[in-house]
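Okay, so here's the structure we're looking at.
Only heavy atoms go into these numbers, but all of them, side chains included; no hydrogens, no water, no symmetry mates. Heads up: numbering here begins at 1 and tracks the sequence. When a ligand or atom number is given, it counts from 1 through the structure's own listing order.
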Amino acid sequence: MSNDPILQTENLSKRFKKRFAVSDLNLEIFRGDIFGFLGPNGAGKSTTIRMLLSLVRPTTGDVRLFGCSVLRERSEALGKVGGIVEKPDFYLYLSAMRNLEIVGALHGGIPRSRIFEVLELVGLKERAFDAVKTYSHGMKQRLGIAQALLNDPELVILDEPTSGLDPQGTKEIRELIRHLARDRSKTVFLSSHLLSEIELVANRMAIINRGNLVVQGRVTELLESGEQRVIIRGKPLARIRTLLASRKSMVQSFRWDGNEFHATVEFRHIPALVRLLVRNGVKIEAVTPRRSLEDYFLSITESSSII
Ligand SMILES: Nc1ncnc2c1ncn2[C@@H]1O[C@H](COP(=O)(O)OP(=O)(O)OP(=O)(O)O)[C@@H](O)[C@H]1O
Ligand SMILES: [Mg+2]
């Protein structure tokens, strides 16, 4: 099997008036990946996905799907791809079956047996003939995934499939995505604004912020890279401050954020640091490791939430 990416964006950019929603984006997704596309609100995720699915024309750059250019060989490129962008639209008074038949007609007609199959896959077979207006939010999201799976694509592209779901609904979607990748040999590209969600399901990921690629790679490697931080909660504060300041070999730097201390400490030093604090009479309430990517992502999420 070739090791070429099955999805590749080449300096992909989209400008709306003067503002670049996506700028010079180079992504690589390989067969079998569950690829997490992470970014805060307004980062450019949906715009990118629209370009991947050829729903929006790039300002510059191109998308290659299975080696074919979306711009020049649209139907070949999209032949093995299924996807949904943002909230899928359905006719609420029609059943799931009827809705999928209508979408299927756009694919040149999909047999009823296949529609049952995808509804079963997403756990909606029993509700196939109920009007979509009677569906819960989670069921509608799953129906969106069913729609993306109709033409049995090799690559499934899902835009925030767990958005607005409760923890149970989120878990069900996560399991469905894993099932698609593991048992159905699908490659899955999904976007999210939650690192915790991507971390649980994806093997590779990219972070996008204000249209720019920040980082791309294996999830485990990205999360383990960089300096490590620990958050320390305890009392008395003055003693913790003195102790942290006294061990430069262990604690590279630290700051107080008004609630807790954030210290940069190599993981191997954490037990010794905890011993030091306890031996000196500090009452520790919590010591929480915090990875740099997590901190970084939180900081861009906070700064983007106001625009
Ligand atoms: N049709 C459009 N016309 C003008 N600007 C647009 C259009 N679509 C998107 N944008 C802008 O492009 C930027 C990226 O939007 P996009 O919807 O791709 O972000 P997103 O990462 O999907 O955000 P969210 O997490 O909120 O869904 C935003 O600044 C948005 O206002
Ligand atoms: Mg979006």
Side-chain angles (χ1 to χ4, degrees), residues 7-29 34-63 65 70-71 78 81-90 137-138 140-145 147-148 155-167 169-170 173-174 177 188-202 204-217 219 222 293-294 296-307:
L7 164 58
Q8 196 168 15
T9 67
E10 296 169 339
N11 301 322
L12 190 66
S13 304
K14 180 69 192 177
R15 197 182 61 215
F16 293 111
K17 303 224 168 91
K18 283 193 182 145
R19 190 199 288 257
F20 273 91
V22 175
S23 141
D24 253 342
L25 188 63
N26 290 292
L27 298 176
E28 285 190 327
I29 288 84
I34 298 181
F35 188 92
F37 191 43
L38 182 67
N41 291 145
K45 303 181 295 295
S46 298
T47 304
T48 301
I49 290 178
R50 285 202 174 86
M51 291 192 282
L52 301 183
L53 295 171
S54 189
L55 300 170
V56 157
R57 201 180 164 81
T59 306
T60 54
D62 197 355
V63 176
L65 285 162
V70 162
L71 290 177
L78 292 172
V81 181
I84 44 164
V85 193
E86 290 182 345
K87 269 210 334 261
D89 271 337
F90 295 107
H137 178 55
K140 284 185 196 139
Q141 295 289 95
R142 281 187 275 142
L143 184 55
I145 299 179
Q147 178 184 321
L155 171 65
V156 187
I157 298 178
L158 305 172
D159 190 15
E160 306 229 28
T162 58
S163 125
L165 298 187
D166 66 13
T170 304
I173 300 273
R174 197 186 306 136
I177 288 170
V188 182
F189 178 106
L190 79 152
S191 69
S192 175
H193 60 274
L194 295 173
L195 175 60
S196 53
E197 207 171 281
I198 295 293
E199 185 184 355
L200 282 172
V201 74
R204 294 184 67 251
M205 71 170 186
I207 296 181
I208 181 178
N209 186 34
R210 293 174 194 253
N212 293 295
L213 182 69
V214 175
V215 68
Q216 173 171 224
V219 172
L222 292 176
L293 194 65
E294 213 167 342
Y296 170 74
F297 191 65
L298 198 65
S299 71
I300 60 174
T301 309
E302 280 162 0
S303 64
S304 310
S305 60
I306 44 173
I307 53 169

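Residue Thr48 places no N or O, backbone or side chain, under 3.5 Å from any N or O of ligand 1. Residue contacts with ligand 1: Ala21 is placed with no nitrogen or oxygen under 3.5 Å of a nitrogen or oxygen of the ligand (distance criterion only).
With a 4.5 Å cut-off on side-chain heavy atoms, Ser191 and Leu38 do not count as touching.
By heavy-atom distance, the residue among Gly42, Ser191, Gly211, Ser46 lying nearest atom 22 (O) of ligand 1 is Ser46. Among Ile208, Val85, Thr47, the residue whose heavy atom lies nearest to atom 18 (O) of ligand 1 is Thr47.
Within ligand 1, the atoms closer than 4.0 Å to a non-hydrogen atom of Ala43 are 19 (O), 20 (P), 21 (O), numbered from 1 in the order shown.
The protein non-hydrogen atom at the shortest distance from atom 25 (O) of ligand 1 is Lys45 NZ, 2.8 Å. Protein heavy atom at the shortest distance from atom 3 (N) of ligand 1 is Phe16 CD2, 3.5 Å. Protein heavy atom closest to atom 26 (O) of ligand 1, with residue, atom name and distance, is Asn41 ND2, 3.2 Å. Among all non-hydrogen protein atoms, the one lying nearest atom 19 (O) of ligand 1 is Gly44 N, 3.3 Å. Closest to atom 29 (O) of ligand 1 among all protein heavy atoms lies Arg19 CD, 4.0 Å.
Within the 4.0 Å cut-off (strictly below), a protein heavy atom is located near atom 7 (C) of ligand 1. Note that atom 10 (N) of ligand 1 has protein non-hydrogen atoms nearby, at separations under 4.0 angstrom.
In this structure, Asn26 contributes its side chain and Asn11 its backbone to a donor-acceptor pair below 3.5 Å. Counting only distance, with no hydrogens or angles, the side chain of His137 and the backbone of Ser163 share a donor-acceptor pair below 3.5 Å. Between the Thr47 side chain and the Ala21 main chain, no donor and acceptor come within less than 3.5 Å of each other. Side-chain N or O atoms of Gln216 include one that pairs as donor or acceptor with a backbone N or O of Glu28 at under 3.5 Å. A donor-acceptor contact shorter than 3.5 Å links the side chain of Thr9 to the backbone of Leu27.
Taking the six-membered ring where the residue is Trp, Phe189 and Phe35 present parallel rings, their angle staying beneath 30° rather than reaching 60°.
A salt bridge is absent between Glu86 and Lys45: the closest approach of a Lys/Arg side-chain nitrogen to an acidic carboxylate oxygen does not fall below 4.0 angstrom.
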Could you go through the side chain to side chain contact (heavy atoms under 4.5 Å, CB included) check for Leu71 and Arg57 one step at a time?
CA-CA 8 Å; Leu71 290 177; Arg57 201 180 164 81; 3.7 Å; yes

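Within the 4.0 Å heavy-atom cutoff, Glu160 counts among the residues contacting ligand 1. No heavy atom of Gly39 sits closer than 4.0 Å to any atom of ligand 1.
At a cut-off of 2.8 Å, Ser46 is counted among the residues with an N, O or S atom near the Mg ion (ligand 2).
Nearest heavy-atom pair across Glu160 and Gln141 is O-NE2, 3.5 Å.
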